[in-house]
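Every value quoted in this text rests on a predicted model; they were computed, and no experiment measured them.
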Amino acid sequence: MQSDGQTVEIGVEALDRLMPMHLLIRPSGHIERVAPTLARLQQGRDLVGNRFLEMFELRRPRCNLHRVADLRAIAGKALRLQFRDPPHTSLKGILLARGDGRGFLVNLSFGLSVIEAVQEFHLTNGDFAPTDLAIEMLYMVEAKTAVMEESRKLNQRLESARLAAEEQAVTDMLTGLRNRRAMDKVLARLTANGTSFGLMHLDLDYFKAVNDTLGHAAGDYVLQEAAEILRQETRKGDTVARVGGDEFVLIFEGLTDREKLMNIAQRIVRRLEEPVVFQGRVCRISGSIGFTTSDFYDQPDLDRMLSDADVALYASKHRGRACTTMVTEELLEEANMAAEGEDMPAGGKPAARQRH
């Protein structure tokens with residue numbers, strides 16, 4: 001380099017600091033020296049002694065380079081090139097002729113591929129010149145990445161909170177079962193899709209006596225035990241919902257076989273009769289069930305199905321509790337007659353609808 005007519009020699013260390021991705025080419029076209037950052041890209045392979053044109057493929061400017069003399073034609077021009085061998089890292093740079101016919105100096109950089117290169121070769125700030133704008137870009141990318149990561153985490157937390165709120169909105173907090181809102185959504189989906197299903201309405205017998213004699217804490221415990229029995233006796237895809245104090249609705253998607261449903265209901269009734277021990281005291285309940293199926297109707301109507309299952313439930317209560325009744329035409333006719341007063345007791349309510 002000339003300064004006031006004098007030649008200023010730049011030492012190797014200074015050159016590496018100013019241009020950490022340069023290389024020197026001898027007049028013969030062989031690589032004489034490789035700067036440290038550029039050497040790291042080859043991951044142990046030594047470029048020194050190899051011909052420059054055999055190690056690099058020129059992409060721009062597009063011209064045929066076969067001889068060392070051809071390099072002079074691209075001196076001073078912006079270059080786009082890449083390694084011929086994997087990983088074929090893309091580079092940009094400029095080639096300059098060294099004085100006194102000593103060959104060429106090629107200063108390279110990553111250009112737009114700097115982010116991929118930093119990730120692939122684990123480069124740090126020390127691999128770039130202090131004045132390299134790539135450092136500023138990397139700082140910006142790092143800051144953006146940090147912001148995006150925080151944004152991602154925030155979105156995850158918001159999504160988790162949303163899902164938790166949605167789950168809470170359809171869950172009975174005491175038993176962990178579905179609630180009436182969830183039941184309505186499931187029934188609406190099944191009828192809209194034309195999916196067949198079985199529907200049970202269950203009411204606990206003697207539950208009021210537990211609350212009255214042992215207190216609400218015992219009652220809550222009994223409800224939780226009953227909920228666990230219902231979970232165990234139904235399939236994973238079935239819906240079990242608590243729709244009242246001691247009332248439950250069970251929905252069996254795709255199951256309308258009345259014999260199978262009767263077996264399930266009877267099994268539930270038997271298990272509910274098992275005594276529950278709360279703080280050393282025995283709680284005794286049972287369960288009454290009424291059920292119907294969607295294929296019992298020409299056109300399933302949710303309100304009617306729920307009403308008919310309720311009629312069957314009250315029939316089970318009237319039969320002495322701890323039993324199961326399925327909806328039939330005969331049962332519905334009897335219920336209609338009772339509602340019209342043909343079988344009305346002195347209290348003014350149909351006997352089949354008195355609950356205890």
Open item on the list: Considering only residues two or more places apart or on different chains, which pairs with a residue in residues 143-175 satisfy ring-ring contact (aromatic ring centres under 6.0 Å, His included)?
Closed with: none
Task: Working for side-chain contact (heavy atoms from CB on, under 4.5 Å), residues Lys185 and Thr239 - done: CA-CA 11 Å; Lys185 292 176 65 175; Thr239 299; over 6 Å; no
On a heavy-atom basis, which atom in [X] and which in [Y] lie closest, and how many Å separate them?
{"X": "Val282", "Y": "Pro275", "result": "CG1-CB, 3.6 Å"}
{"X": "Asp46", "Y": "Val48", "result": "OD1-N, 3.0 Å"}
{"X": "Leu79", "Y": "Pro61", "result": "CD2-CD, 3.8 Å"}
{"X": "Ala39", "Y": "Val34", "result": "N-CG1, 3.6 Å"}
{"X": "Ile94", "Y": "Gly76", "result": "CD1-O, 3.8 Å"}
{"X": "Pro36", "Y": "Asp16", "result": "CD-CG, 3.6 Å"}

Task: Within one Ile-Leu-Val-Met-Phe-Trp-Tyr cluster: Phe83 and Ile74, side-chain cutoff 4.5 Å - done: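 Phe83 and Ile74: one cluster.
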- [ ] Verify the cluster assignment for Val240 and Leu255: are they in a single hydrophobic cluster under the rule of side-chain heavy atoms below 4.5 Å apart?
- [x] yes
Task: ILVMFWY cluster membership beyond Leu158 - transitive side-chain contacts under 4.5 angstrom - done: Leu154
Task: Gln232 and Glu228 side chains, donor-acceptor separation under 3.5 Å - done: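 There is such a pair between these side chains.
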Open item on the list: Pairing donors with acceptors under 3.5 angstrom, does anything connect the side chains of Asp203 and Ser288?
Closed with: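 Not at all, the side chains of Asp203 and Ser288 share no donor-acceptor pair under 3.5 Å.
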[X] side chain to [Y] main-chain N or O, any donor-acceptor pair under 3.5 Å?
{"X": "Arg235", "Y": "Glu253", "result": "yes"}
{"X": "Thr191", "Y": "Leu187", "result": "yes"}
{"X": "Arg84", "Y": "Leu53", "result": "yes"}
{"X": "Thr324", "Y": "Ile289", "result": "no"}
{"X": "Arg258", "Y": "Lys260", "result": "no"}
{"X": "Arg231", "Y": "Thr234", "result": "no"}

Task: salt bridge (charged side-chain N to carboxylate O under 4.0 Å, His left out) partners of residues 268-291, not counting sequence neighbours, each pair once - done: Glu233-Arg271
Inter-residue atom distance [X].[atom1] - [Y].[atom2], 0.5 Å rounding:
{"X": "Arg157", "Y": "Arg152", "atom1": "CZ", "atom2": "CZ", "answer": "10.0 Å"}
{"X": "Asn107", "Y": "Met21", "atom1": "CG", "atom2": "CE", "answer": "8.5 Å"}
{"X": "Leu96", "Y": "Phe104", "atom1": "CG", "atom2": "CZ", "answer": "10.0 Å"}
{"X": "Met183", "Y": "Arg242", "atom1": "CE", "atom2": "CZ", "answer": "14.0 Å"}
{"X": "Ser316", "Y": "His318", "atom1": "OG", "atom2": "NE2", "answer": "11.5 Å"}
{"X": "Leu230", "Y": "Ile268", "atom1": "CG", "atom2": "CD1", "answer": "5.5 Å"}

Open item on the list: Check this for me, if you would: do Glu32 and Arg102 make a salt bridge, where the nitrogen-to-carboxylate-oxygen distance has to be below 4.0 angstrom?
Closed with: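 No, this pair does not count.
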Open item on the list: One thing to verify: whether Arg180 and Glu247 come together as a salt bridge, which I'm taking to mean a side-chain N less than 4.0 angstrom from a carboxylate O.
Closed with: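 Here Glu247 does not pair with Arg180 in a salt bridge, since their nearest N and O are not under 4.0 Å apart.
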Enumerate, atom names and distances included, each donor-acceptor pair closer than 3.5 Å involving a side-chain atom of residues 210-220, sequence neighbours excluded.
from, atom 1, to, atom 2, distance (Å)
Asp212, OD2, Lys208, NZ, 2.8
Thr213, OG1, Ala209, O, 2.6

Does a sphere of radius 6.0 Å around [atom1] in [X] hold more than 12 heavy atoms from other residues, nucleotides or ligands, not counting ones at 6.0 Å or beyond?
{"X": "Arg181", "atom1": "CZ", "result": "no"}
{"X": "Arg267", "atom1": "CZ", "result": "yes"}
{"X": "Glu259", "atom1": "CD", "result": "no"}
{"X": "Gln168", "atom1": "CD", "result": "no"}

TODO: Kindly indicate, with the supporting measurements, whether the criterion side-chain contact (heavy atoms from CB on, under 4.5 Å) is fulfilled by Leu23 and Phe56.
DONE: CA-CA 12 Å; Leu23 53 83; Phe56 294 89; 3.7 Å; yes
Are [X] and [Y] close enough that some pair of their side-chain heavy atoms sits under 4.5 Å apart?
{"X": "Arg189", "Y": "Val186", "value": "yes"}
{"X": "Gln266", "Y": "Met262", "value": "yes"}
{"X": "Leu105", "Y": "Leu24", "value": "yes"}
{"X": "Val222", "Y": "Phe278", "value": "no"}
{"X": "Glu166", "Y": "Val170", "value": "no"}

Under 3.5 Å donor-acceptor pairs involving side-chain atoms of residues 292-302, not counting sequence neighbours:
from, atom 1, to, atom 2, distance (Å)
Thr292, OG1, Tyr297, OH, 3.1
Thr293, OG1, Asp295, OD1, 2.7
Ser294, OG, Phe197, N, 2.9
Ser294, OG, Phe197, O, 3.3
Asp295, OD2, Thr256, OG1, 3.1
Tyr297, OH, Asp308, OD2, 2.8
Asp301, OD2, Asp303, N, 3.3
Asp301, OD2, Arg304, N, 2.9

Open item on the list: Using the rule side chain to side chain donor-acceptor pair (under 3.5 Å), only one of Asp172, Thr171, Asn179 pairs with Thr175; which is it?
Closed with: Asp172
Open item on the list: Run the salt bridge (Lys or Arg N to Asp or Glu O under 4.0 Å) test on Glu13 and Arg17 for me, step by step, so that the C-alpha distance in whole Å, both residues' side-chain angles and the decisive distance to 0.1 Å come before the verdict.
Closed with: CA-CA 6 Å; Glu13 292 184 3; Arg17 188 62 177 149; over 6 Å; no
Task: For Phe252, all residues meeting ring pair (Phe, Tyr, Trp, His ring centres under 6.0 Å), sequence neighbours excluded - done: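 Here no residue qualifies.
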TODO: State which residue, out of Val327, Leu250, Leu306, fulfils the side-chain contact (heavy atoms from CB on, under 4.5 Å) condition with Leu199.
DONE: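 That would be Leu306.
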- [ ] Starting from the C-alpha separation in whole Å, work towards a yes-or-no answer on side-chain contact (heavy atoms from CB on, under 4.5 Å) for Arg319 and Thr325.
- [x] CA-CA 9 Å; Arg319 289 168 53 197; Thr325 303; 2.7 Å; yes
- [ ] Would you check, one step at a time, whether the test side-chain contact (heavy atoms from CB on, under 4.5 Å) holds for His22 with Arg33?
- [x] CA-CA 8 Å; His22 78 275; Arg33 187 174 185 281; 3.5 Å; yes
